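These figures come from a predicted structure and were not determined experimentally.
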Amino acid sequence: MAPRAYWKGTLKLSLVSCPVVLYPATTTAEKTRFHLINRETGSRLKQQMVDSETGDVVESDQKGRGYELRKGKYVEIEPEELEAVQIESSHTIDIESFVPSDEIDQRYLNHPYYIAPEGKAAVDAFAVIRDAMKDEGRVALAKIVLTNREHIIAIEPLGKGLLGTTLRYPYELRDEDDYFDDIKNPKISKDMIELASHILDSKAAHFDPSKFKDEYETALKSLVRRKAAGKPVKAAEREEKPDNVISLMDALKQSLKGKGSAKRAHSPPRRTTHRPAKKAHRSAARARKAS
């Protein structure tokens, strides 16, 4: 069964446009989830809205939305008032500009979506936009309305399709200075930097997400299987971590220990240059004659 489209509309680049569909590029469907249950009956529990002051259960027709002006003081917002300020979706992704991909701060990246052409008639125009973007080597910036909110979306080629990633607004990012200002700048010796660089070089690799293993998720699935089969569940023995404190320089040297000896073990033996016997005999004879 084909995945259900999250959004349908038109991708537009100047006068070139084509119908497209958006699909979420991520999923949490495979993650292990638990429900709250009644221990006595084994039945699932349902959540209810309760008034924080009276403790009474609030029915759905009594629920409203309010903005907290100050502690415990709310201004109620009516549904029609929210509708009045909602942005009407034009169902169009209108590309406004192209920027170098390395200029996009990674912190702004939010949710990724796959963008594909909708219908056979859209394939040609879609391919024109996609391949033109490949040639430019840039990322397109456009606006899109999702769930009644306007988002900036960055679009770039991905295989036969496009990858669209919604971006956060500046007000959604925290200022790094609030967290980094108190970090001191100690003087680090050149030897320490060089040792650390050697460690980095020894761990150099290529990005391969297939090697990512969610050990906790694996343990959860194993736990559920054992419990469902009526098997006992034992707590895993935790490895004791050494609590000895060593100097930073010793820690760096210890990290490299073994790597250097391994390299020496595999390196070819050094050549020792010996003077030929005849040449050595002539030199000794000249010395005796001179004396």
Side-chain angles (χ1 to χ4, degrees), residues 1-31 86-176 180 197 200-214 217:
M1 180 181 290
R4 184 180 178 183
Y6 178 74
W7 182 94
K8 292 184 178 182
T10 302
L11 176 64
K12 188 177 180 182
L13 173 61
S14 189
L15 297 178
V16 181
S17 61
C18 66
V20 294
V21 288
L22 262 68
Y23 303 100
T26 61
T27 178
T28 58
E30 297 299 319
K31 281 187 175 290
Q86 283 180 358
I87 298 175
E88 185 178 354
S89 176
S90 62
H91 288 277
T92 300
I93 305 175
D94 197 350
I95 296 175
E96 298 181 345
S97 61
F98 289 89
V99 300
S101 58
D102 57 1
E103 289 186 5
I104 298 179
D105 189 327
Q106 298 294 301
R107 294 172 297 175
Y108 283 88
L109 300 179
N110 199 359
H111 297 297
Y113 296 90
Y114 295 138
I115 303 176
E118 185 183 23
K120 295 181 179 179
V123 172
D124 288 347
F126 184 86
V128 168
I129 296 174
R130 180 199 62 204
D131 293 347
M133 292 175 64
K134 284 182 181 178
D135 293 340
E136 289 294 328
R138 291 173 176 255
V139 175
L141 295 184
K143 289 183 179 180
I144 185 173
V145 177
L146 300 172
T147 60
N148 299 322
R149 279 185 174 268
E150 189 176 60
H151 300 268
I152 305 300
I153 187 168
I155 305 171
E156 57 189 315
L158 180 66
K160 294 181 180 179
L162 294 170
L163 175 67
T165 306
T166 54
L167 303 180
R168 296 183 176 92
Y169 287 102
Y171 70 81
E172 296 180 274
L173 291 186
R174 292 174 174 172
D175 189 348
E176 71 272 17
F180 300 159
S197 296
L200 266 63
D201 290 340
S202 69
K203 292 182 176 293
H206 293 285
F207 181 72
D208 183 5
S210 66
K211 294 182 179 180
F212 298 169
K213 305 299 179 186
D214 190 342
E217 179 65 23

Got a sec, which residues hit side-chain contact (heavy atoms from CB on, under 4.5 Å) with [X], two or more places apart in sequence or on another chain?
{"X": "Asp124", "result": "none"}
{"X": "Lys134", "result": "Arg130, Asp131, Pro157"}
{"X": "Ile152", "result": "Lys143, Leu167, Tyr169"}
{"X": "Val123", "result": "Pro117"}

Would you list the pairs meeting salt bridge (Lys or Arg N to Asp or Glu O under 4.0 Å) in which at least one residue belongs to [range], sequence neighbours left out?
{"range": "residues 8-20", "answer": "Lys8-Glu118"}
{"range": "residues 102-115", "answer": "Asp105-Arg107, Arg107-Glu176"}
{"range": "residues 154-169", "answer": "none"}

remark   = Lys211 meets the salt bridge (charged side-chain N to carboxylate O under 4.0 Å, His left out) criterion, sequence neighbours left out, with none
message = Any heavy-atom pair between the side chains of Ser90 and Val145 that's under 4.5 Å?
response =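 A side-chain contact under 4.5 Å is absent here.
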query = Taking C-beta and beyond as the side chain, do Leu162 and Leu11 meet within less than 4.5 Å on heavy atoms?
reply =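 Result yes, sub-4.5 Å side-chain heavy-atom pair found.
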Euclidean distance, [Y] [atom2] relative to [X] [atom1], rounded to 0.5 Å:
{"X": "Ile153", "Y": "Leu163", "atom1": "CD1", "atom2": "CG", "answer": "8.5 Å"}
{"X": "Ile129", "Y": "Leu13", "atom1": "CD1", "atom2": "CG", "answer": "5.5 Å"}
{"X": "Ile93", "Y": "Cys18", "atom1": "CD1", "atom2": "SG", "answer": "9.0 Å"}
{"X": "Ser202", "Y": "Leu200", "atom1": "OG", "atom2": "CG", "answer": "7.5 Å"}

Please list, chain by chain and in numerical order, all residues satisfying side-chain hydrogen bond (donor to acceptor under 3.5 Å, both in side chains) with [X], sequence neighbours excluded.
{"X": "Glu150", "result": "none"}
{"X": "Thr28", "result": "Arg33"}
{"X": "Ser210", "result": "Asp208"}

query = Minimum heavy-atom separation for Arg149 to His151, with atom names?
reply = O-CD2, 3.1 Å
key: Distance-minimising heavy-atom pair for Thr166 and Leu146   = CG2-CD1, 4.1 Å
Pairs touching residues 88-143 that satisfy ring-ring contact (aromatic ring centres under 6.0 Å, His included), sequence neighbours left out =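 Residue pairs passing ring-ring contact (aromatic ring centres under 6.0 Å, His included), neighbours aside: Tyr6-Tyr113, Trp7-His91.
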query = Would you find more than 12 non-hydrogen atoms of other residues, nucleotides or ligands less than 6.0 Å from Glu172 atom CD?
reply = yes
